[in-house]
> 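Sharing a structure here in structure tokens format.
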Amino acid sequence: MRRACKLVCGIMAAVLLTGCGSAVPELTQEEMDLISEYAVGVLLKYDKYHSSRLVDTTVYETAEAVQEEEPEETEEPAQAEPEEETPADDTQVVDVSQDEEAAVVPATVEEYYGIPDFTFQYTGYELVQNYPPNAEGDDFFFAMDATEGMQLLVLKFTATNTSSSDQVLNMLGYGARFRISVNGESSQGALATMLLNDMQTYDETVSAGSGVELVSIVEVPQSSSIDTIEFVLRGGEQNAVMKLQ
């Protein structure tokens with residue numbers, strides 16, 4: 001500020017002393033006003049406390065900036081209405097899909113598998129160590145022996161062609177599958193064999209009016225005595241149980 005005052009004084013002195021040694025020139029009122037305005041402008045230019053703005057708006061700008069930075073209020077999510085409790089259902093649901101031995105109305109083999117022109121008759125069983133029991137040398141295509149401590153339970157059926165013409169009996173084509181339960185124990189699948197008369201895989205032509213012996217075999221403990229036998233037919237939508245004895 002002191003430097004600015006010296007500068008203004010110098011300007012005034014230069015104007016007044018122009019033409020040194022001459023009389024002070026007369027200035028019109030307009031010229032005096034211009035000089036005064038110029039001097040004031042110089043003073044204000046070098047005044048560090050002076051702001052060129054008529055109104056200091058920094059306060060208002062700061063307030064607006066703070067207001068913009070304030071987070072917008074978010075509406076609280078509406079609370080979900082509690083769901084109405086449904087009354088408990090006391091009905092018990094039982095899954096029997098895995099119960100392969102679920103019995104349905106007893107059926108015959110021909111009825112269950114839909115085999116026309118044939119009837120199947122259970123004729124009895126035998127307990128043996130090997131089957132066929134009289135297999136010797138190469139007289140038989142296939143023979144089987146019981147494992148140690150076991151014996152073979154051979155169930156026998158007669159399949160009779162009731163038509164007046166020869167008929168092919170293809171049990172494998174009908175999807176025949178059997179399980180056998182002895183003395184009320186859990187059932188076990190009939191053994192898969194290469195016997196020509198295995199009831200699950202038999203596929204031969206049977207003459208009109210004649211019958212063939214078919215077998216289904218499982219192993220039972222050596223000391224077993226047979227009281228009851230249930231023959232489970234499988235392969236359809238539901239199992240069927242034949243009580244053989």
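Side chains included, hydrogens not; waters and symmetry mates left out as well; all remaining heavy atoms used.
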> Any donor-acceptor pair under 3.5 Å linking the side chain of T108 with the backbone of E111?
yes
> Using side-chain hydrogen bond (donor to acceptor under 3.5 Å, both in side chains) as the criterion, list what pairs up with Q222, not counting sequence neighbours.
Q129
> Hey, is the main chain of V206 close enough, under 3.5 Å, to the side chain of N161 for a donor-acceptor pair?
yes
> Within the side chain of S181, is there an N or O that forms a donor-acceptor pair under 3.5 Å with the backbone of S186?
no
> Can you give me the closest heavy-atom contact between Y202 and V212, atom names plus distance?
OH-CG1, 3.8 Å
> State plainly whether one hydrophobic cluster holds both L153 and M150, where clusters connect Ile, Leu, Val, Met, Phe, Trp and Tyr through side-chain heavy atoms under 4.5 angstrom apart.
no
> Donor-acceptor check, side chain of Q151 to backbone of A146, threshold 3.5 angstrom: yes or no?
no
> Roughly how far, to the nearest 0.5 Å, is CE of M171 from OH of Y174?
9.0 Å
> Are L172 and L196 joined in one hydrophobic group, where the rule is that I, L, V, M, F, W and Y side chains link up if heavy atoms are under 4.5 Å apart?
no
> Look at the side-chain heavy atoms of Ile, Leu, Val, Met, Phe, Trp and Tyr, link any pair under 4.5 Å apart, and say whether V215 and M194 land in one connected group.
yes
> Looking at D198 and L191, what are the two nearest heavy atoms and their distance?
OD2-O, 3.7 Å
> Could you measure the distance from the CZ atom of F178 to the CG atom of L155? Nearest 0.5 Å is fine.
10.5 Å
> What heavy-atom pair brings V218 and G189 nearest, and what distance separates the two atoms?
CG1-O, 3.7 Å
> Using modelled atom types only, decide if a donor and an acceptor are shared between the side chain of E213 and the backbone of K156 within a distance under 3.5 Å.
no
> Decide yes or no on side chain to side chain contact (heavy atoms under 4.5 Å, CB included) for L152 and M144, but give the supporting numbers first.
CA-CA 9 Å; L152 301 176; M144 58 188 304; 4.1 Å; yes
> Work out which heavy atom in T201 is nearest to a heavy atom in L195; give both atom names and the distance.
OG1-O, 4.3 Å
> At what distance, to the nearest 0.5 angstrom, does CZ of R234 lie from OH of Y113?
8.5 Å
> Indicate if F118 and V168 have the same hydrophobic cluster label, given that clusters are the connected sets of ILVMFWY residues with side-chain heavy-atom separations under 4.5 angstrom.
no
> Which heavy atom of I180 sits nearest to which heavy atom of A190, and what is that distance?
CD1-CB, 4.4 Å
> Looking at NZ of K243 and CD1 of I229, how far apart are the two atoms once the value is rounded to the nearest 0.5 Å?
12.0 Å
> Without swapping roles, check the side chain of Y112 against the backbone of G236 for a donor-acceptor pair under 3.5 Å.
yes
> Report yes or no: does D166 contribute a side-chain atom to a donor-acceptor pair with the main-chain N or O of A208 at less than 3.5 Å?
yes
> Using distance alone, with no hydrogens and no angle criterion, decide if S165 and Q167 have a side-chain donor and acceptor under 3.5 Å apart.
yes
> Between atom CD1 of I226 and atom CG of N183, what is the distance when rounded to the nearest 0.5 Å?
5.5 Å
> According to a 4.5 Å side-chain heavy-atom criterion applied to Ile, Leu, Val, Met, Phe, Trp and Tyr, with indirect links allowed, do L127 and L244 form part of one hydrophobic cluster?
yes
> To the nearest 0.5 Å, what is the distance between CG on D203 and CG on L169?
8.0 Å
> What orientation do F157 and F231 show, parallel under 30°, tilted 30 to 60°, or perpendicular over 60°?
tilted
> For a side-chain contact (heavy atoms from CB on, under 4.5 Å) with F120, tell me which candidate from V109, T158, T160 qualifies.
V109
> Check A159 against L214 and note the closest heavy-atom contact, atom names and distance.
CB-CD1, 4.0 Å
